[in-house]
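Before any comments, here is the structure.
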Amino acid sequence: MDGMNGGPSMRDGRMAGSAPTEALANARRTASDYASLSAQEAFDAYAAWFGRTRAATIAIAVLLGAAAIYCAFRGWTAPYFALLALIIAVGVMQNVRIGRRFQGLEKILSEDCDAAKYRAVMERFAARWHRRSTQAVVNLELAFCAYSACDVDAALEHLSRARFRARSFQWIRWLDIQAVCLHEKGDASGRDRALVELRARRGHLRGAAAERADMLIRALEVSFVSHASWTPDAAAFMRDIVARAENHLNRVEACLLLAEYELLHGSRERALLWLDERLLVPMVPRAARARAELLRRLGVDGAENLSAGN
């Protein structure tokens with residue numbers, strides 16, 4: 001996903017005719033743990049887990065703290081510092097567990113593609129927890145919800161309320177959504193400034209975070225140029241996203257771009273294959289709108305079920 005070219009079969013900008021079918025066969029459909037729950041039920045489940053985990057962490061920290069005080073009173077230096085280190089480790093592990101649990105909630109949008117439910121869950125977060133860092137994350141997530149629901153003005157409003165530590169990866173996500181919103185509004189200069197800042201912040205990242213940032217930057221570069229000028233390398237990058245996408249939302253976005261690429265540079269039949277409902281459903285409102293527009297350009301009734309590309 002970092003802009004590398006595909007193998008020999010992906011180099012000429014024309015996939016083998018079976019590529020959309022292969023993508024359908026290889027697509028990973030992993031619903032979130034909250035797929036069958038309402039927004040209130042999803043929030044309540046998370047809040048209950050958070051309460052239990054927080055209480056257990058506090059209890060462990062108190063016990064370790066009491067033991068550390070006893071060691072200090074007895075003059076046992078080594079056990080005292082070991083217990084302090086354990087207290088810090090417990091706090092770090094708690095933050096890791098919270099982050100992983102929150103990622104499970106994010107799947108309501110990235111896997112279930114239910115922007116309305118995710119927005120409702122995040123609004124409950126905003127009402128329940130008022131820490132500045134929590135509010136910043138919630139507003140960033142609400143920006144993604146608004147963009148997915150085709151409301152770029154609301155997305156930009158939420159971004160204006162979100163601020164993070166200087167080197168937080170959240171700034172990469174913030175700049176990503178700002179750039180696409182400004183692009184849609186026709187603000188080319190603002191979009192390009194966001195992209196320049198995104199490239200600058202990427203320089204501070206290492207490892208997996210740097211690779212994710214590279215992928216986001218490449219995806220923005222591909223989407224911002226005139227689609228009529230897309231090259232075979234751009235198509236190869238889109239196919240790479242389909243093959244390696246971390247979630248259904250990203251995979252659907254790449255499939256829609258490939259459908260447009262085929263519409264402009266390839267074949268109508270292959271474009272229809274990339275619009276197969278079995279490959280795309282579920283979709284956020286933005287993706288559904290893009291699919292309907294592509295079907296219109298292909299002369300197909302948007303209400304038709306295009307399974308198998310018929």
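Computed over heavy atoms, backbone and side chain alike; hydrogens, waters and symmetry mates excluded.
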Side-chain donor-acceptor contact under 3.5 Å, E111 with H248: no

Within the 6.0 Å centroid threshold, strictly below: Y46 and F125: yes

Spatial distance of atom CD1 (I241) from atom CZ (R218) [nearest 0.5 Å]: 9.0 Å

Ring geometry between F164 and W171 (parallel below 30°, tilted from 30 to 60°, perpendicular above 60°): perpendicular

Note, L195 side chain near F224 side chain (heavy atom, < 4.5 Å): yes

Close side-chain approach of R291 to E277, heavy-atom, < 4.5 Å: yes

Note, R286 side chain near V152 side chain (heavy atom, < 4.5 Å): yes

Test item: E246 and R251 side chains (from C-beta on) under 4.5 Å apart, heavy atoms: no

Under 3.5 Å, which donor-acceptor pairs link side chains of residues 85-108 to any protein atom two or more places apart or in another chain?
from, atom 1, to, atom 2, distance (Å)
Q94, OE1, T57, OG1, 3.2

Distance, nearest 0.5 Å, that separates CD of Q170 from CG of N139: 12.0 Å

Rounded distance [0.5 Å steps], CG in L109 versus OG in S32: 10.5 Å

Side chain to side chain, V281 and M283, heavy atoms closer than 4.5 Å: yes

Shared hydrophobic cluster, V62 / Y70 (ILVMFWY, side-chain heavy atoms < 4.5 Å): no

Residue pair Q135, R132: steps toward the side chain to side chain donor-acceptor pair (under 3.5 Å) verdict: CA-CA 5 Å; Q135 291 290 318; R132 185 175 180 180; over 6 Å; no

Pair R124, Q40: side-chain N/O donor-acceptor within cut-off below 3.5 Å: yes

Inter-residue atom distance E262.CD - L257.CG, 0.5 Å rounding: 12.0 Å

Residue pair L83, C71: steps toward the side chain to side chain contact (heavy atoms under 4.5 Å, CB included) verdict: CA-CA 9 Å; L83 287 166; C71 289; 3.8 Å; yes

Validation row: Y80, T77 side chains within 4.5 angstrom (heavy atoms): no

Over 12 non-hydrogen atoms of neighbours within 6.0 angstrom of CZ in R161: yes

Sub-4.5 Å side-chain heavy-atom contact between L205 and R201: no

Short side-chain to backbone donor-acceptor contact, N247 and L249, under 3.5 Å: yes

Salt bridge E141-R173, side-chain N to carboxylate O under 4.0 Å: yes

Residues D153 and K185 bridged, charged N to O under 4.0 Å: yes

Lys/Arg-Asp/Glu bridge criterion (N-O < 4.0 Å) met for R244, D240: yes

R202 vs L198 side-chain heavy atoms within contact, under 4.5 Å: no

Reported SG-to-CG distance for the pair C255 and L294, which is rounded to 0.5 angstrom: 11.5 Å

ILVMFWY cluster, W49 and Y118 together (side-chain gap under 4.5 Å): yes

Check: W274 ring centroid to Y261 ring centroid under 6.0 Å: no

Geometric class of the W129/F50 ring pair [parallel <30°, tilted 30-60°, perpendicular >60°]: perpendicular

Audit row: E221, R199, side chain to side chain contact (heavy atoms under 4.5 Å, CB included) steps and yes/no: CA-CA 11 Å; E221 292 170 342; R199 292 191 186 103; 3.1 Å; yes

Separation between NE2 of H158 and OG of S160, rounded to the nearest 0.5 Å: 9.0 Å

Test: E123 and R119 ion pair at under 4.0 Å: yes

